[in-house]
Amino acid sequence: MTRQEALDYDNELKNKLALEADMLGLEESTGNSIVDNYIMVIPDDARKGMVFLGNEAVSYKFGNIRMDFKKAIAAGIELLASVSCPESLFNYLQLLIAGALFIQKATRQDIGKNEAYIVYYLHIRNGYETGIEEEAFINDFSKWYKEKNENILEPAEIRHAIENLCHWKVVDIDDGEIWLKEMVVGSMEP
């Protein structure tokens, strides 16, 4: 996420939470207040995201958006004390949950089956610390994939999947070598 994307997402999140606050009978400014005081949208840094493999492979970039639930809930309790209306606290907590769901959607990137197999192959080959030359990777991966799945992926399909993973910042190509940038959890064993 670039700096501009972070600013754009911050504004989008404010709009979504303002609408949600209005639907819950709270002031729209409550949604803006939550975003301003308890949620940080941060441009990319060196932190890794995580890839969860299995039936539905996804990548999460947790480092970009953080919500301080502890401070936000404390503010909700202060709100309850000031208005002495338990329903307000319940609505406020619903708004926090809605914010968390909006954040979860923003940090999630679904990964296709071919991409998931590539990530898994890089993971078992320690692609975090050892880059694999791109052409050698395509040849070796193609053989490994055929052994595992009894069908063939064409080199063009593999290259397309690698391009997708680069775009999603799951892998990186540096000096012709493919590197795995995100922590992998799970497997793609048939």
Side-chain angles (χ1 to χ4, degrees), residues 1-113 115-116 119-120 123 128 161 163-172 179-188:
M1 176 179 293
T2 65
R3 185 175 193 290
Q4 186 58 47
E5 289 171 334
L7 292 171
D8 291 345
Y9 183 73
D10 188 60
N11 290 329
E12 180 184 345
L13 190 57
K14 283 181 183 179
N15 291 335
K16 286 180 178 180
L17 285 183
L19 290 172
E20 191 72 23
D22 188 44
M23 288 181 5
L24 292 169
L26 300 169
E27 292 183 26
E28 289 182 9
S29 61
T30 306
N32 288 334
S33 176
I34 289 172
V35 174
D36 288 338
N37 296 309
Y38 309 114
I39 297 175
M40 274 197 315
V41 180
I42 306 163
D44 282 335
D45 58 12
R47 286 181 222 257
K48 291 182 180 180
M50 292 187 81
V51 176
F52 294 89
L53 298 177
N55 292 336
E56 294 182 24
V58 295
S59 169
Y60 285 100
K61 308 262 189 296
F62 296 114
N64 289 343
I65 303 169
R66 296 189 198 127
M67 184 174 203
D68 190 339
F69 278 108
K70 189 175 180 180
K71 287 182 182 177
I73 290 173
I77 292 171
E78 287 178 26
L79 173 70
L80 173 64
S82 67
V83 296
S84 58
C85 178
E87 186 176 299
S88 295
L89 178 63
F90 179 70
N91 290 345
Y92 181 81
L93 292 175
Q94 280 185 292
L95 187 59
L96 287 178
I97 292 168
L101 292 174
F102 292 141
I103 290 169
Q104 186 263 344
K105 287 180 184 176
T107 62
R108 177 187 172 114
Q109 172 63 56
D110 291 326
I111 295 178
K113 190 172 183 174
E115 289 85 353
V119 167
Y120 182 63
H123 170 69
Y128 309 101
E163 287 173 17
N164 288 339
L165 291 167
C166 284
H167 176 74
W168 300 326
K169 300 178 183 175
V170 174
V171 302
D172 194 15
W179 296 81
L180 185 57
K181 292 176 58 175
E182 297 191 352
M183 177 78 76
V184 175
V185 177
S187 74
M188 293 301 294

To the closest 0.5 Å, what do you measure between [atom1] ([X]) and [atom2] ([Y])?
X: Asp110; Y: Trp168; atom1: CG; atom2: CH2; answer: 8.5 Å
X: Ser59; Y: Met183; atom1: OG; atom2: CE; answer: 12.5 Å
X: Glu115; Y: Asn164; atom1: CD; atom2: CG; answer: 4.5 Å

(request) Determine whether Glu182 and Tyr128 make a side-chain contact, defined as any pair of heavy atoms from C-beta on separated by less than 4.5 Å. (result) no

(request) Could you tell me whether the side chain of Val185 reaches within less than 4.5 Å of the side chain of Leu53, counting heavy atoms only? (result) no

(request) Given side chain to side chain contact (heavy atoms under 4.5 Å, CB included), test Lys181 with Val171 step by step and report yes or no. (result) CA-CA 5 Å; Lys181 292 176 58 175; Val171 302; 5.7 Å; no

(request) State, to 0.1 Å, how close Gly186 and Tyr120 come at their nearest heavy-atom pair, and which atoms those are. (result) O-CE1, 4.0 Å

(message) Please find the pair of heavy atoms, one from Val58 and one from Ile111, that lie closest to each other, and give the distance.
(response) C-CD1, 3.9 Å

Show the atom names and distances, to 0.1 Å, of all donor-acceptor pairs under 3.5 Å that link a side chain in residues 13-24 to residues at least two apart or in another chain.
residue, atom, partner, partner atom, Å
Lys14, NZ, Asp36, OD1, 2.8
Asn15, ND2, Asn11, O, 3.4
Lys16, NZ, Glu12, OE2, 3.1

